[in-house]
Visitor: 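I am attaching a structure below and will ask some questions about it afterwards.
Note: hydrogens, waters and symmetry copies are ignored here, and every other heavy atom, side chains too, is used.
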Amino acid sequence: MSRYSKDDIIRMVHEDDVEFIRMQFTDIFGQLKNVAITASQIEKAVNNEIMIDGSSIEGFVRIQESDQYLHPDLDTFTVLPWRPQQGKVARLICDVYNPDGTPFVGDPRGALKRVLKKAADMGYSFNVGPECEFFLFQTDEEGKPTTATNDEAGYFDLGPLDHGESTRREICMTLEKMGFEIEASHHEVAAGQHEIDFKYAEALTAADNIMTFKLAVKTLAQKNGLHATFMPKPIFGINGSGMHTNMSLFKDGKNVFFDENGEKKLSADAYHFIAGLLTHVSSMNAILNPLVNSYKRLVPGYEAPCYTAWSASNRSALIRIPAARGQSTRVELRCPDPSCNPYLALAVCLAAGLDGIERKLTPPAEITENIFAMTPAEREAKGIHSLPGTLHDAVEAFRKDKLICDTLGEHIVSQYVAGKEKEWDEYRTHVSNWELEKYLITY
């Protein structure tokens, strides 16, 4: 049931001195977009009358069919705490619709909604808890980002070593004003790297929260003279940033993954869900790890998983089952990175897991050893395969997986593949500094 009605939104805008409302939506590549309206237009907004030019959004529609409408999710209304408190700015997260009143098939939020409906028809609700990592870098005298951190801290260190501590604290406090429940925040392994964990939520809300989180982090870092980046691997030789994704299914208020009498206290459906993820993960990588740079994180030696295996405790495995049981039982997928589009990422994860449940797939044996220390022959003997090594390989696997492509729909798949093939081709033909340093003098 909705928290807010149209009348509630109109009243809050006028009573709270809100002057601008940002009508936000997300393109297929995970970039947050918005149309800003004044308070005088709020009645049009809540009645789904705000238009956008979809042909100007990469991957949306052609120029001859450009008119689209924003349908705000009224429950996402919130005032942005970092904006002035005189003449406030609020936001509404929107779905994108066609002029005939039908949902736009290329809207990522809509793609997630479609899979959630399938889960609901099976009796399930899908909860997600993300762990978002990011770097805080200094800026130069022109305000442009550098890769310097002035930070010598490591995992769980605190000030004065952790130079980003005050900004991280401000981010947490700001998010709590927006309704987030912050569970933990800490310095990560690499210098300048941070993590803030917020409480799990139903998947659509979780995806909305990830987009809001990234906006808040970037905005507050900039306010403090820093640059925040969710780029997966900004610096060679140190850990990259991941977005470990904790998932659970509930039915009738109970966690479906928990079974007091099951092996490791996991249910049959939990094992089927794990098997579904492992079956499709290589083709999901193009969505979960969407950048050329993503695959420079997914290499041995930096804690990021690059092999298909699961374990109840082993952090070198792609899928880990954290120790908590009962209502907190969950499956943690460790390969996604924070550059992904969270709506598409959660859509394919849920679809893969449900496929495992529907087909009653069985996962391979648990891997308890350090996979990074195994030889290729040892991995092969245990049925452990490598994830795609490049964006090109990931896109090739993606386009061959019928379930994943059907989940997202032909429009999103064709536009996404075209965009990623263009990105790969730009990278493939670019002459990098590494090449100049390696070859210019020698040859």
Visitor: Is any side-chain heavy atom of Cys349 less than 4.5 Å from a side-chain heavy atom of Leu333?
Guide: yes

Visitor: What are the two closest heavy atoms between Ala206 and Leu346, and how far apart are they?
Guide: CB-CD1, 4.5 Å

Visitor: I need the full list of side chain to side chain donor-acceptor pair (under 3.5 Å) pairs touching residues 317-331, with sequence neighbours left out, sorted by first then second residue.
Guide: Asn246-Arg330, Arg320-Glu332

Visitor: If you apply the rule side-chain contact (heavy atoms from CB on, under 4.5 Å), what do you find for His430 with Glu426, and how did you get there?
Guide: CA-CA 6 Å; His430 178 72; Glu426 288 175 0; over 6 Å; no

Visitor: Looking at every heavy atom in both Ala203 and Leu116, which two are closest together, and how far apart are they?
Guide: CB-CD2, 3.9 Å

Visitor: Considering non-hydrogen atoms only, spot the tightest contact between Leu298 and Pro305 and give its length.
Guide: CD2-O, 3.3 Å

Visitor: NZ of Lys265: more than 12 outside heavy atoms within 6.0 angstrom?
Guide: no

Visitor: Cut-off 3.5 Å, side chains only: do Asp95 and Tyr69 have a donor facing an acceptor?
Guide: no

Visitor: What's the separation between atom CD1 in Ile412 and atom CD in Glu410, rounded to the nearest 0.5 Å?
Guide: 10.5 Å

Visitor: For the backbone of Ser248 and the side chain of Tyr200, can you confirm whether one donor and one acceptor N or O come within less than 3.5 Å of each other?
Guide: no

Visitor: When the ring planes of Phe230 and Phe134 are compared, do they come out parallel, tilted or perpendicular, using 30° and 60° as the limits?
Guide: tilted

Visitor: Would you say Ile441 has more than 12 foreign heavy atoms packed within less than 6.0 Å of its CD1?
Guide: no

Visitor: As a quick check of understanding, evaluate side-chain contact (heavy atoms from CB on, under 4.5 Å) for Glu437 and Glu435, giving each step before the final call.
Guide: CA-CA 5 Å; Glu437 293 171 4; Glu435 292 168 281; over 6 Å; no

Visitor: Do you know which two heavy atoms are closest between Leu403 and Ala351, and how far apart they sit?
Guide: CD2-O, 3.8 Å

Visitor: Checking side-chain polar atoms at under 3.5 Å, does Asp208 have a donor or acceptor matched by the opposite partner on Tyr343?
Guide: yes

Visitor: Is the number of heavy atoms from other residues, nucleotides or ligands within 6.0 Å of CD (Glu358) greater than 12?
Guide: yes

Visitor: Do Gln138 and Thr146 have side-chain atoms, one donor and one acceptor, less than 3.5 Å apart?
Guide: no

Visitor: Are the side chain of Glu133 and the backbone N or O of Gly242 linked by a donor-acceptor pair below 3.5 Å?
Guide: yes

Visitor: Can you confirm whether more than 12 heavy atoms, excluding those of Phe372, are under 6.0 Å from its CZ atom?
Guide: yes

Visitor: Evaluate whether atom NZ of Lys118 has more than 12 neighbouring non-hydrogen atoms of other residues, nucleotides or ligands under 6.0 angstrom away.
Guide: yes

Visitor: Kindly say whether Lys233 contributes a backbone atom to a donor-acceptor pair with the side chain of Lys296 at under 3.5 angstrom?
Guide: no

Visitor: Would you call Phe137 and Leu226 a side-chain contact if the rule is heavy atoms closer than 4.5 Å?
Guide: no

Visitor: Check step by step if side chain to side chain donor-acceptor pair (under 3.5 Å) holds for Thr212 and Arg91.
Guide: CA-CA 10 Å; Thr212 299; Arg91 74 93 200 273; 2.7 Å; yes

Visitor: Could you tell me whether the side chains of Gln193 and Asn239 share a donor-acceptor contact shorter than 3.5 Å?
Guide: no

Visitor: Is the side chain of Arg3 donor-acceptor paired with the backbone N or O of Asp75 at a distance under 3.5 Å, no angle test?
Guide: yes

Visitor: Find out whether Phe104 and Phe25 are in side-chain contact, i.e. whether some heavy atom of one side chain is under 4.5 Å from a heavy atom of the other.
Guide: no

Visitor: Is the backbone of Ala317 close enough, under 3.5 Å, to the side chain of Ser311 for a donor and an acceptor to pair up by distance?
Guide: no

Visitor: Using a 4.5 Å cut-off on heavy atoms from C-beta on, say whether the side chain of Val89 contacts that of Val79.
Guide: no

Visitor: Just by distance, no angles: are the side chains of Arg114 and Thr407 close enough, under 3.5 Å, to form a donor-acceptor pair?
Guide: no

Visitor: Could you tell me how the ring of Phe198 sits relative to the ring of Phe213: parallel (under 30°), tilted (30 to 60°) or perpendicular (over 60°)?
Guide: tilted

Visitor: Consider only side-chain N and O atoms of Asp401 and Ser283, and report whether a donor and an acceptor are under 3.5 Å apart.
Guide: yes

Visitor: Within a radius of less than 6.0 Å around CE of Met173, do more than 12 heavy atoms belonging to other residues, nucleotides or ligands occur?
Guide: no

Visitor: Strictly by modelled atom types, are Thr167 and Glu170 linked by a side-chain donor-acceptor pair under 3.5 Å?
Guide: no

Visitor: Using the test side chain to side chain donor-acceptor pair (under 3.5 Å), find all partners of Glu369 that sit at least two apart in sequence or belong to another chain.
Guide: Lys382

Visitor: So Leu277 and Val281, do their side chains get closer than 4.5 Å, heavy atoms only?
Guide: no

Visitor: Is any side-chain heavy atom of Val292 less than 4.5 Å from a side-chain heavy atom of Glu423?
Guide: yes

Visitor: Does Asp140 have more than 12 heavy atoms from other residues, nucleotides or ligands lying within 6.0 Å of its CG?
Guide: yes

Visitor: Of all heavy-atom pairs between Arg297 and Cys335, which one has the smallest distance, and what is that distance?
Guide: NH1-O, 2.8 Å

Visitor: May I ask you to check whether Phe135 and His227 place their ring centres under 6.0 Å from each other?
Guide: no

Visitor: If we ignore hydrogens and angles and just use 3.5 Å, is the side chain of Ser267 paired with the main-chain N or O of Asp259 as donor and acceptor?
Guide: no

Visitor: Within this structure, what is the CG-CG distance for the pair Leu344 and Leu112, rounded to the nearest 0.5 Å?
Guide: 8.5 Å

Visitor: Walk me through whether Phe257 and Phe273 qualify under side-chain contact (heavy atoms from CB on, under 4.5 Å).
Guide: CA-CA 9 Å; Phe257 290 167; Phe273 195 94; 3.6 Å; yes

Visitor: Do side-chain atoms of Asn98 reach the backbone of Gln68 as a donor and acceptor pair under 3.5 angstrom?
Guide: no

Visitor: Between His71 and Tyr97, what is the ring plane arrangement, given parallel below 30°, perpendicular above 60°, and tilted in between?
Guide: parallel

Visitor: Please report the closest heavy-atom contact between Ala345 and Cys340, naming both atoms and the distance.
Guide: CB-SG, 3.8 Å

Visitor: Check whether the side chains of Asp337 and Ser339 place a donor and an acceptor atom closer than 3.5 Å, and report yes or no.
Guide: yes

Visitor: Counting N and O atoms only, with roles assigned by atom type, does the side chain of Thr205 sit under 3.5 Å from a partner on the main chain of Ala201, one being a donor and the other an acceptor?
Guide: no

Visitor: Please tabulate, one pair per line, all N/O donor-acceptor pairs under 3.5 Å involving side-chain atoms of residues 391-400, not counting sequence neighbours.
Guide:
| unit_1 | atom_1 | unit_2 | atom_2 | d |
| --- | --- | --- | --- | --- |
| Asp393 | OD2 | Thr390 | OG1 | 3.4 |
| Glu396 | OE2 | Arg399 | NH1 | 3.1 |
| Arg399 | NH1 | Glu421 | OE2 | 2.6 |

Visitor: To the closest 0.5 Å, what do you measure between CG (Leu354) and NE2 (His272)?
Guide: 12.5 Å

Visitor: Please answer whether the main-chain N or O of Thr375 pairs with a side-chain N or O of Glu378 as donor and acceptor at a distance below 3.5 Å.
Guide: yes

Visitor: Considering only heavy atoms from C-beta outward, does the side chain of Pro290 approach that of Lys420 to under 4.5 Å?
Guide: yes

Visitor: Which of parallel (below 30°), tilted (30 to 60°) and perpendicular (above 60°) describes Tyr271 and Trp310?
Guide: perpendicular

Visitor: Is any side-chain heavy atom of Met23 closer than 4.5 Å to a side-chain heavy atom of Ile21?
Guide: yes

Visitor: Quick one: pull up CZ in Phe77 and CG in Asp73 and give me the separation to the nearest 0.5 Å.
Guide: 13.0 Å

Visitor: With distance as the sole test, does Glu366 use its side chain to make a donor-acceptor pair with the main-chain N or O of Ala312 at under 3.5 Å?
Guide: yes

Visitor: Is it true that, when you exclude Lys251 itself, more than 12 heavy atoms of the residues, nucleotides or ligands shown sit nearer than 6.0 Å to its NZ?
Guide: yes

